Amino acid sequence: MKLSKAFNKTKLLNAGLSSEEEFSQKHSVEGSEETWVLHATKRLKDLKHSTKMFPEGEQAISTKAGTYLVSVTESATRIAPYDQTSGDKAPLQRPTETWPSPILKKSSSSNGKKMTTSQTFDALNDKRATEVASTEMDDGRPPPPEKLVLPDVQRTAGTSLSRLSQGATCKPKTYIVFLKVHKSASSTVMNILFRFGETRNLTFALPVNGASQLYYPYYFTAAAVEGFSPSKASQFNIVCHHMRFFKPEVARVMPNTTFYFSILRNPVHLMESSFTYYKGASSFTKARSLEQFLNYTSWFYNASATDSHYSKNLMTFDFGYNHNGNFSAKQVQFMLRAIESEFDLLLISEYFDESMVLLKKVLCWDLDDVVAFPLNSRHNSTKTPLSESTIEKIKFWNKLDWEIYMHFNKTFWEKIDWHIGREHLQGEVRALQQKREQLARSCLQGGGSVAPNMIIDPAIAPLQYGSARILGYNLKPGLDKPRRKMCQRLVTPELQYSRLLYRQQFPKKALLFSKTAHLPKQYHRRTVLRRNMRDTFV
């Protein structure tokens, strides 16, 4: 009953954030960004939760903004017309590709003082984003920015990570929130966190009743965590299951010293993957190809469908924002600044090894802690090459995701330059890759991944979903017990590993939700889907 009330409260909150008609209409009539912020600030003052302030010198609103800026931004744009392409009625225009404006910093002109709200808007209005090239590297990755020389007064939001850098007093971080963004190598990161926590007897914030997600796709609520009690101090170390981010509720579960991070993926690659993996989603079901979907989005896409986020601005949705929002340039800037204020680090999946080196650095972990085998990866036969026109259409259709990705791709390399340096990074990456190759030779039969129909042990077979063929692994025979356990953890998919952790933390309750130790074979897909539905909140 308590859980049901909490969920209903979250639903009402979500509905309330989308029905501020008087506020939204006033904003749309006056067309004033200053008026919008004044209204937003007034609403923020009425909220009771206290969240992390914007870093000094970067305050877009000099109040307790935190995640509530997310909610207010979303409500201000939710009733705007849905941003859909025009199908075949008109050719798509190439979107303007820009770096978002730099974060406001201390400078000689401001004498190191905080800027007022009006000064902030003036500064935002004066700054213009600069165009960047859309070319990619030969391996499909976007090119990193040029090296940056960042004096202390010009470090961007999040580069306060210097306080987390390794040193004489550096201690491994054990209070961690990972926002698991879909289709962004997040399953591999999740495995890293699972192994780190299990070997150190840390406590995970697991979904209630052994489910696989934290009330997704609705906003996260603390009541979705098994064992959470509002009357007790925080007793969890790691949150890493799928959720739609809502900072005030997450802060109820985790202490205020928690390290928050996530990982992003190029929206072009993400949507190509999503179309294959989520082929059963309402927007993709009838589309014969991704190209056809993009050409006729007005016919295929239903913005009000509960699963519409899988086919448009998926990263924006996971971060807690309106994926259908028609954001102005300044509202996009507020979204980026809100994300920067809530997260200590944003990684880039196209630079996964570089990301793990940086993560190791800021968490004060060892190399062994971040080495991993790729999980939930697709077989090449289910990957579709994209034409240049399709790539541009994807960027345009997912322009909020594109803004997020381009901005944090830049800040990622700023952090690399500031905390590691490109030359030292190369050596760290080589050491990580060599360690992974050693583990592959030691653990894996054949030294790598195999197609789904070649997986021998069903206990470590990944879920086969949509039209994708998800690769798995076979362990070498004859491994001694300690090594076999270590190797098996490296290749255990998230659903099986999550159930294992649930049984360890809640052994008695786990008996009530006992399931087979492995997933059905690929051709039992309907059984998998029915079982998965029972694992989620409806």
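Everything numeric in this text was worked out from a predicted model, so none of it was measured.
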Legend entry - Contact check, side chains of Phe412 and Ser355, non-hydrogen atoms, under 4.5 Å: yes
Legend entry - Thr316 side chain near Glu403 side chain, heavy-atom distance below 4.5 Å: no
Inset, instruction - Please confirm whether the backbone N or O of Trp397 pairs with a side-chain atom of Trp402, one donor and one acceptor, at under 3.5 Å? - result: no
Inset, instruction - Please determine if Arg252 and Glu249 form a salt bridge, counting it only when a charged side-chain N lies under 4.0 Å from a carboxylate O. - result: yes
Inset, instruction - Please list, chain by chain and in numerical order, all residues satisfying side chain to side chain donor-acceptor pair (under 3.5 Å) with Ser308, sequence neighbours excluded. - result: His323
Legend entry - disulfide (SG to SG under 2.5 Å) contacts in which one or both residues fall within residues 466-503, not counting sequence neighbours: Cys443-Cys487
Legend entry - Any His182 side-chain heavy atom under 4.5 Å of His309 side chain: no
Inset, instruction - Check the surroundings of atom OH in Tyr175: do more than 12 heavy atoms from other residues, nucleotides or ligands lie under 6.0 Å from it? - result: no
Inset, instruction - Locate the shortest heavy-atom distance separating Leu346 from Phe319; write the atom from each residue and the value. - result: CD1-CZ, 3.6 Å
Inset, instruction - Tell me, yes or no, whether the heavy-atom count around Lys485 atom NZ, taken from other residues, nucleotides or ligands under 6.0 Å, exceeds 12. - result: no
Inset, instruction - Determine whether the side chains of Tyr465 and Asn376 contain a donor N or O and an acceptor N or O closer than 3.5 Å. - result: no
Inset, instruction - Using side chain to side chain donor-acceptor pair (under 3.5 Å) as the criterion, list what pairs up with Gln505, not counting sequence neighbours. - result: none
Legend entry - Pairing of Lys361 and Glu428 as salt bridge, 4.0 angstrom limit: no
Legend entry - Ion pair Lys360/Asp369, N-O distance below 4.0 Å: no
Inset, instruction - Decide whether Arg200 and Thr174 meet the rule of one side-chain donor and one side-chain acceptor closer than 3.5 Å. - result: no
Legend entry - Check: Tyr405/Glu350 side-chain N/O donor and acceptor closer than 3.5 Å: yes
Legend entry - Positive for side chain to side chain contact (heavy atoms under 4.5 Å, CB included) with Arg244, one of Phe317, Tyr321, Tyr218: Phe317
Legend entry - Non-hydrogen side-chain atoms of Met190 and His241 separated by less than 4.5 Å: yes
Legend entry - Side-chain donor-acceptor contact under 3.5 Å, Ser231 with Ser229: yes
Inset, instruction - Kindly assign one of parallel, tilted or perpendicular to the pair His242 and Tyr216, based on the angle between their ring planes and the thresholds 30° and 60°. - result: tilted
